[in-house]
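Both ligands and their constituent atoms are indexed starting at 1 by order of listing.
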Amino acid sequence: MEIIRTPAEMTVWANKALAAGQTIGLVPTMGFFHEGHLCLMRKAREKSERTVVSLFVNPIQFGANEDLGRYPRDFARDCQLAEGEGVDVLFAPEAQAMYPSEASTRVIVSGLTDELCGASRPGHFAGVTTVVAKLFHIIKPHCAVFGRKDFQQLAVVTRMVADLNWDVEIIGHPIVREADGLAMSSRNTYLSVLERQSALCLFRAIAHARRRVRTGFVEAKVLLQEVGELLQQEAVTIEYVSLVDQASLQPQAVLRKGAVLVMAIKIGATRLIDNDNLFEEN
Ligand code: AMP
């Protein structure tokens, strides 16, 4: 596996692969890999001849009071894990190389970014779409794999690609969970043992909502109240709980196919998100 540190060298590599007629699959990440990341890498390998994983803790998608400074990192371990998955290139640029001081462009998707995580993290999605747009230009992938764990991010990136007529296939990968249902996340390492137990309320809420939907229940307002009560049985702060359409992200009053339960909570200082497409088979 090659480790590439600068956008210019990355583009030289990509141009060579493209000249040789090879397809490139990209997995954008912020590192500190877990099984969720590795599944995305496997999917990218399955879908393309060459696989690039970007590892970049993107400063512009963090708010001033967020965890940029303490975001978990273990570059040596990440290299080993990516190599073990048969990744061709780990692209790990410095912030200065991605955002030289004169850089002054932002890619902004409006509308879809107003609510949910966008409401509580102003500027976050502009940071995400800007870095993803840059990665697409630098690496020129045929496809890029994103996790459904970051449900709104996937919707926003899909919208950006459609709006800008970008010839990149965006692939959404199902959420990878621990055996007890907790969605894997680099941020789970922040949780104490007790907090880790409390975090399971997210999966309990999903299981409850799924059961209700399976029995034909369609009233979003009531279901949201039940989910809220379930979450509040633990010492958590609810940032949002909503039932939205998977494509438009608009709240649904009457649940139907495409309804997604989306949640963001805080446990102590740790912010966790989770979601579930309630009408889809697991
Ligand atoms: P991150 O490093 O947290 O920015 O995540 C990089 C990519 O991995 C994003 O597309 C995430 O949605 C995806 N991802 C993170 N956790 C999971 C998970 N538990 N299951 C599936 N995808 C995930």
Side-chain angles (χ1 to χ4, degrees), residues 25-47 51-63 66-68 70-75 77-79 81-82 85 87 90-93 95 98 116-117 121 124-136 139 141 143-161 168-191 196 199-200 202-203 206 246 260 262-264 270-277 280 282:
L26 169 67
V27 182
T29 80
M30 298 205 298
F32 209 69
F33 296 149
H34 51 66
E35 184 61 25
H37 294 114
L38 304 187
C39 287
L40 267 52
M41 295 176 200
R42 278 170 222 147
K43 177 52 95 183
R45 275 202 74 196
E46 202 183 292
K47 297 286 284 187
T51 303
V52 177
V53 172
S54 61
L55 192 173
F56 182 59
V57 183
N58 177 31
I60 68 166
Q61 71 184 66
F62 286 78
E66 294 184 355
D67 58 344
L68 174 63
R70 65 180 192 123
Y71 196 82
R73 295 164 204 248
D74 189 340
F75 187 67
R77 181 172 168 272
D78 284 350
C79 286
L81 289 170
E85 293 303 329
V87 167
L90 190 66
F91 175 51
M98 288 296 274
L116 308 173
C117 291
R121 303 184 73 188
H124 168 68
F125 285 114
V128 169
T129 40
T130 299
V131 80
V132 170
K134 284 175 69 76
L135 292 169
F136 285 180
I139 300 163
C143 70
V145 187
F146 291 84
R148 289 197 206 144
K149 157 96 184 336
D150 296 87
F151 163 78
Q152 189 174 15
Q153 169 173 284
L154 176 58
V156 168
V157 169
T158 302
R159 181 81 263 148
M160 172 182 80
V161 163
V168 185
E169 183 189 358
I170 302 299
I171 299 164
H173 190 287
I175 299 176
V176 181
R177 297 181 180 279
E178 305 281 0
D180 60 7
L182 182 67
M184 290 190 182
S185 165
S186 306
R187 289 188 167 102
N188 290 349
T189 51
Y190 297 151
L191 299 171
R196 168 79 180 61
L200 292 177
L202 289 165
F203 191 61
I206 288 172
Q246 61 181 353
V260 181
V262 284
M263 299 174 282
T270 307
R271 184 176 181 278
L272 297 178
I273 55 172
D274 205 342
N275 70 85
D276 189 64
N277 198 320
E280 230 175 50
N282 266 332

Looking only at protein heavy atoms, which one is nearest to [atom], and how far off is it?
| atom | answer |
| --- | --- |
| atom 23 (C) of ligand 1 | Lys149 CB, 3.9 Å |
| atom 1 (P) of ligand 1 | His37 NE2, 3.6 Å |
| atom 20 (N) of ligand 1 | Val176 N, 2.8 Å |
| atom 4 (O) of ligand 1 | Met30 CG, 3.6 Å |
| atom 11 (C) of ligand 1 | Asp150 OD1, 3.0 Å |

Ligand 1 atoms in contact with [X] (distance to a heavy atom under 4.0 Å):
| X | result |
| --- | --- |
| Pro28 | 6 (C), 7 (C) |
| Leu40 | 7 (C), 8 (O), 10 (O), 13 (C), 22 (N) |
| Met184 | 16 (N), 17 (C), 18 (C), 19 (N) |
| Gly147 | 9 (C), 10 (O), 11 (C), 12 (O), 13 (C), 22 (N) |

Original post:
Atom CZ of Phe75 and atom CG of Leu55: how far apart are they, to the nearest 0.5 Å?
Top reply: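 So the gap between those two atoms works out to 6.5 Å.
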
Original post:
Which value, rounded to the nearest 0.5 Å, describes the distance between Asp78 atom CG and Asp74 atom CG?
Top reply: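 Between Asp78 CG and Asp74 CG, I get 6.0 Å after rounding to 0.5 Å.
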
**OP:** Give a yes or no on whether a salt bridge exists between Glu85 and Lys43, defined as a side-chain N under 4.0 angstrom from a carboxylate O.
**Re:**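 Between Lys43 and Glu85 there is no salt bridge, as every charged N stays at least 4.0 Å from the carboxylate O atoms.
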
Original post:
Touching ligand 1 at all, His34? Heavy atoms, strictly under 4.0 Å?
Top reply: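 Distance cut 4.0 Å: His34 passes for ligand 1.
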
State, to 0.1 Å, how close [X] and [Y] come at their nearest heavy-atom pair, and which atoms those are.
| X | Y | result |
| --- | --- | --- |
| Asp274 | Ala183 | OD2-CB, 4.0 Å |
| Val87 | Thr51 | CG1-O, 3.7 Å |
| Lys47 | Cys143 | CB-SG, 3.9 Å |
| Arg271 | Cys117 | NH2-SG, 3.3 Å |

**OP:** Pick one of side chain, backbone, both or neither for how Pro174 approaches ligand 1, counting any non-hydrogen atom pair under 4.0 Å.
**Re:**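 Looking at Pro174 and ligand 1, just backbone atoms fall under 4.0 Å.
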
**OP:** Answer yes or no: does an N/O atom from Ile175 fall short of 3.5 Å to an N/O atom of ligand 1?
**Re:**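 N/O-N/O distance under 3.5 Å: no.
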
**OP:** From the options Lys149, Arg42, Arg177, select the one residue that forms a salt bridge (Lys or Arg N to Asp or Glu O under 4.0 Å) with Glu35.
**Re:**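 Result: among Lys149, Arg42, Arg177, Arg42 is the only option passing the salt bridge (Lys or Arg N to Asp or Glu O under 4.0 Å) with Glu35.
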
